[in-house]
Structure formats: structure tokens, C-alpha cells
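Naming: A, B, ... by sequence-line order, numbering from 1 per chain.
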2 protein chains.
Amino acid sequence: MSSITVLLVDDHLVVRSGLRALLGTQPDLHVIAEAASGEEAMDRVQEHSPHVVVMDLAMGAGMDGIEAIRRIRERNGGQAILVFTTYDSDADIVRAVDAGAMGYLLKDAAPEEIFSAIRGAVQGKSVMSPPVASRLFQQLRNPEEILTPREAELLSLLTEGLSNRELGRRLFISEATVKTHLAHIYAKLGVETRAAAIATAIRREGMR
Amino acid sequence: MSSITVLLVDDHLVVRSGLRALLGTQPDLHVIAEAASGEEAMDRVQEHSPHVVVMDLAMGAGMDGIEAIRRIRERNGGQAILVFTTYDSDADIVRAVDAGAMGYLLKDAAPEEIFSAIRGAVQGKSVMSPPVASRLFQQLRNPEEILTPREAELLSLLTEGLSNRELGRRLFISEATVKTHLAHIYAKLGVETRAAAIATAIRREGMR
DNA sequence: AGCCGTATCAGCCAAAAGGCTGAGAGACGC
DNA sequence: GCGTCTCTCAGCCTTTTGGCTGATACGGCT
């Protein structure tokens, strides 16, 4: 038991090369294929059945990383999937984990961290970068902050800058209902105004 | 004239390795040093005087890419600096260009594009990825969209979710003045509501 | 000196947003 | 079957925001 096959999925060539170079320094890790998109990732998994899939979430076009994780786990249960991405967005972490990801690493993780995450993943161990872990715990600790599907939908449209009237039209509900949803969203996000809600929503979904 | 020395600056190890591997395929390009931060970049430039500096804008801690570009150009005029980053934010493009960047590439650029950008940079040619170029042109075509310093300051606080009253207190101006500034900002951004202003502001400064 | 851009402030009015209470209809779990 | 969650809607009232018009003051450019 000393050879682990790895599939790299990232839409950036430089990241794939870098990761390949990095993993190449470890005798037990073998990159047997690369993919630049979710679709391609699924094909490569079928062909090579790698032990571990290391995948970026942000894929330029087509299927995104989350969707790719879900589908790969549906068809081929065997692979352990590690998310390897730049930003730690609250929503992405949760979605990746329940799509079936075994771990969640940030791209500035130390090489050793990456190696041990891959080795751990094969044995069914979950690994995540410290900042990711703390965010995830925070999510789990505050379940009352989880938005319902409808609320999330509204919040998403809210970040486009729509008014209550427009939101109502877009979702085929009355303005009164929009206001009700908004009130709930504000309460869950801990803000009082739509401006603050938009700010926190975009920032949570986004960067840093 | 067939040897170009390159300094790589990126806070992600994998990106540096990947870029190094990629440039290694070209006989005339030689990566002579790497740096993981703006501060380190300045030191490496002093030591090695590379022909070209390839730099990511987003640097985790300390000096950001823009600042690093400015300082390197101040002390050592000789180097051509290429920005090599993930996202094309309007503001970053403009700031990078007037900080003295010779080109602006996105990380999903084709290898050939990267090579020719580096070779071109040595000869004083500017290169930028097509999506970047189109954004830059749009900025230049619409100079009336440029915010005054005070307006930018307000917009920045706006994205924190503050109310007019709070904005006034924070900036030591009356609420009336806040409203005047906001009206100007909306006009320049082409929006009608503060919600839309926040949304466009954060997105312009940010991602995608 | 005159003009323009920037920043400051005021008042007025209409529209939008937010707080509150209450309430009905499905869906799901136990 | 009963409670809970979610989504839907309504009315009422206050606060906030946005549109408009006009005004003063300072600095720089010509």
C-alpha cells in the first residue's frame, strides 16, 4: 500500500503544472491525469479511477466544481475528492461538504498539508485548512442562521440591486411577501438594512 | 539577445511551481527567482535585476501587488512588470496600469499568450488578455464615470452597509451632503438605488 | 478676473424600505 | 393528528431614501 493515484482538476494550466510538480516530489503520489473542467473531470475519473481527485471549485465555463463533485460521487463512489481552491466562501464550503467532498484546502496551504490531506483522504479522513474549519464550525454552531431555499433565492436577487417591487415580479409573489422574507433574512444575517444584507451576502459568497 | 530572466511573485506555491514549469519549456526564458510577497519581491529585484517581473496582485498579507509594482518602479526603473492574476477587477486594472505595469494577464491565458507577453514586455510592448483590454477601454471611454476621491470614500463606506446618517457621522458632514454625493455616485455608476450601487461597487472591486 | 470642478449644506416632496401584528395553506415528522 | 417549518399575503405606521432645485465656498487653470 504505497501508491496513490491522483486526478488534478483546475481550469488554470499553471495551477495544474504546479500541483503536478509539487506532488512529483512525493514518491507515493502519482498524478495520472488532469482535467480543466467538470465535464472533463468526469471522463477522466471513468477512464482512470484515481484514488483521489483534487479539484478547484471555480471552473471558468460549464459545470462548476460542486456539481462535478456531486456527479462523480453519484456514478463512481470510490474516489475521495479534495477541494483545493483559492477562497473560503461560507456557502461553498457547506455545499462542497454535502456534495461529498472529503476535504477542503486553500491554495496557500503548506505542501505538507496538501500531501497529508491526500494520503488521509484515501483512508477516509477529512482534512481542511484551519480557516476553512473555523468557518464551517461557525456555520454548524449557528443553525438558526441558515436561510431557507426561498430566502437564499431572494438574497441572491437582492445582491443584483433589485427593489422590493422588482423582487416580487421576478419571483411571482406580492411585495408584502417580499418584505416578510427580507425581514427574516435580515434577522438571520444579523443586519437591519438591505444595504448591509447585500454587503454581507456578497462578501460571504465571495472573497477573502 | 536570447535570454530573458524572470522573477515570479505569487503567494501561492503551486502557482509559482506551475509557472516555473511552464516557462521552463521555453529555452529563452529563465526563472531566476521567486517571491511570495511584495516585500520579498522588492528584495529579489534588488539582488537579481530580472528583465521581467511576473506578479500576482492578490498577495495574502502585507504589501499588495499594486504597491509592490509602484515601489519597484520607483527604485529600479529597469524591470518590466507583468500582472498575472485570477480576476479582472476594473479598479485593479486601472491602478496596476498607472502604477507602471507593462501588461495584465489572466491566469487562464494560453501558454503562448504568456510567453509572448513576457518577450514583448522586455521590448516595451504592452500586452493584456482580451477581457482585460475590453474593460480598460470601457474605463477610458467613460471618463465621466470616474468618481472623485470623496465620492469613492463614500462608496467604500456605503459597501459596509451604513445609512445616510451613519455616513454623515463617519465623514463629519451633514446628511444633506451625503445625499448629494450619493446622487452623483448613482449617476456615475448608472444606477438608481443604493442597493444597486453597493452591488456594482463590490463586484467591480472584486471578482469575476 | 472668470470659470470649472469639488465639497459643503438646506428644504421639499414622493417613493421605497422597514417594524409590527396577524393569518391561512401545504409539507413533513413523530 | 398535532406541532413545526415554510411560503404566502395584508394593513398600518415610521423611518429612510431618492429627486429636484438652489446656494456658498475653496482651489486651480487660463
Side-chain angles (χ1 to χ4, degrees), chain A residues 91 94-95 98 139-204, chain B residues 91 94-95 98 139-204:
Chain A
V94 175
R95 288 193 300 154
D98 76 38
Q139 283 280 329
L140 298 179
R141 261 207 315 268
N142 300 5
E144 73 278 8
E145 275 196 19
I146 294 172
L147 301 180
T148 68
R150 193 55 157 173
E151 286 163 359
E153 198 179 354
L154 235 132
L155 181 56
S156 158
L157 287 176
L158 197 62
T159 64
E160 314 269 297
L162 303 186
S163 69
N164 290 348
R165 190 184 309 260
E166 292 169 318
L167 288 171
R169 269 205 267 274
R170 197 75 84 81
L171 298 173
F172 307 106
I173 57 180
S174 81
E175 210 179 317
T177 306
V178 170
K179 291 172 82 171
T180 304
H181 284 308
L182 286 182
H184 294 158
I185 292 173
Y186 297 162
K188 289 182 180 179
L189 294 184
V191 299
E192 291 96 42
T193 67
R194 83 167 37 209
I198 292 172
T200 62
I202 297 185
R203 295 224 161 80
R204 282 202 186 188
Chain B
V94 174
R95 289 192 299 153
D98 78 36
Q139 283 281 328
L140 297 179
R141 260 207 317 267
N142 300 4
E144 73 279 9
E145 277 196 15
I146 295 172
L147 302 179
T148 68
R150 194 54 157 173
E151 286 163 359
E153 199 179 353
L154 237 131
L155 182 56
S156 158
L157 287 176
L158 197 62
T159 63
E160 314 268 298
L162 303 186
S163 70
N164 290 349
R165 191 184 309 260
E166 292 169 318
L167 288 171
R169 268 206 268 272
R170 196 75 83 82
L171 297 173
F172 306 106
I173 57 180
S174 82
E175 211 178 318
T177 306
V178 170
K179 291 173 78 174
T180 305
H181 284 308
L182 286 182
H184 294 157
I185 291 174
Y186 297 163
K188 290 184 180 178
L189 295 183
V191 299
E192 292 97 41
T193 68
R194 82 166 40 207
I198 292 172
T200 62
I202 297 186
R203 295 224 160 78
R204 284 202 185 187

Please produce a list of atom pairs where a protein N or O lies less than 3.5 Å from an N or O of nucleotides 18-20 of chain C.
| residue | atom | partner | partner atom | Å |
| --- | --- | --- | --- | --- |
| C:dG18 | OP1 | A:Tyr186 | OH | 3.4 |
| C:dG18 | OP1 | A:Arg194 | N | 2.6 |
| C:dG18 | OP2 | A:Tyr186 | OH | 2.7 |
| C:dG18 | OP2 | A:Arg194 | NE | 3.4 |
| C:dG18 | N7 | A:Lys179 | NZ | 2.9 |
| C:dG18 | O6 | A:Lys179 | NZ | 2.6 |

Pick out the pairs of N or O atoms, protein on one side and nucleotides 24-28 of chain C on the other, that lie under 3.5 Å.
none

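The shortest side-chain heavy-atom distance between A:Thr159 and B:Ile202 does not fall under the 4.5 Å cut-off. Within the 4.5 Å cutoff, side-chain heavy atoms of B:His181 are placed close to those of B:Ile173. Between B:Leu154 and B:Leu167, some side-chain heavy-atom pair lies under the 4.5 Å cut-off. Annotation: side chain of B:Leu189 is in contact with side chain of B:Leu155 (closest heavy-atom distance under 4.5 Å).
Pairs of residues two or more places apart, or lying in two chains, never qualify as salt bridge (charged side-chain N to carboxylate O under 4.0 Å, His left out) while including a residue from residues 162-172 of chain A.
A search for salt bridge (Lys or Arg N to Asp or Glu O under 4.0 Å) contacts involving B:Glu160 returns nothing, not counting sequence neighbours. B:Ser174 pairs by the side-chain contact (heavy atoms from CB on, under 4.5 Å) definition with B:Ala176, B:Thr177, not counting sequence neighbours. Partners of B:Glu153 according to the salt bridge (Lys or Arg N to Asp or Glu O under 4.0 Å) rule, which considers only residues two or more places apart in sequence or in another chain, are B:Arg150. Applying the side-chain hydrogen bond (donor to acceptor under 3.5 Å, both in side chains) test to A:Thr180 and every residue at least two apart in sequence or in another chain returns nothing.
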Return a table of donor-acceptor pairs under 3.5 angstrom between the side chains of residues 191-198 of chain A and protein atoms on other chains or two or more places apart.
| residue | atom | partner | partner atom | Å |
| --- | --- | --- | --- | --- |
| A:Thr193 | OG1 | A:Ala196 | N | 3.1 |
| A:Arg194 | NH1 | A:Leu162 | O | 2.9 |
| A:Arg194 | NH2 | A:Asn164 | OD1 | 2.1 |

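For the helix from C:dA1-D:dT30 to C:dC30-D:dG1, the angle separating the two terminal helix axes comes to 50°, with each axis derived from five pairs and the value rounded to 10°.
Where DNA chain D meets chain A (any atom under 4.0 Å from a heavy atom), the bounding nucleotides read 5' to 3' are D:dT6 to D:dA10.
Look at CZ on B:Arg165: it is 19 Å from P on C:dA17, rounded to the nearest Å.
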Determine, for nucleotides 3-10 of chain C in 5'-to-3' order, which nucleotides have protein heavy atoms under 4.0 Å from the base (write B), from only the sugar-phosphate (write S), or from neither (write -). ---SSBBB
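Between B:Ala199 and A:Gly161, the closest heavy-atom pair is CB-N, 4.4 Å.
Separation of atoms NZ (A:Lys188) and CD (A:Glu151) is listed at 3.5 Å; rounding is to 0.5 Å.
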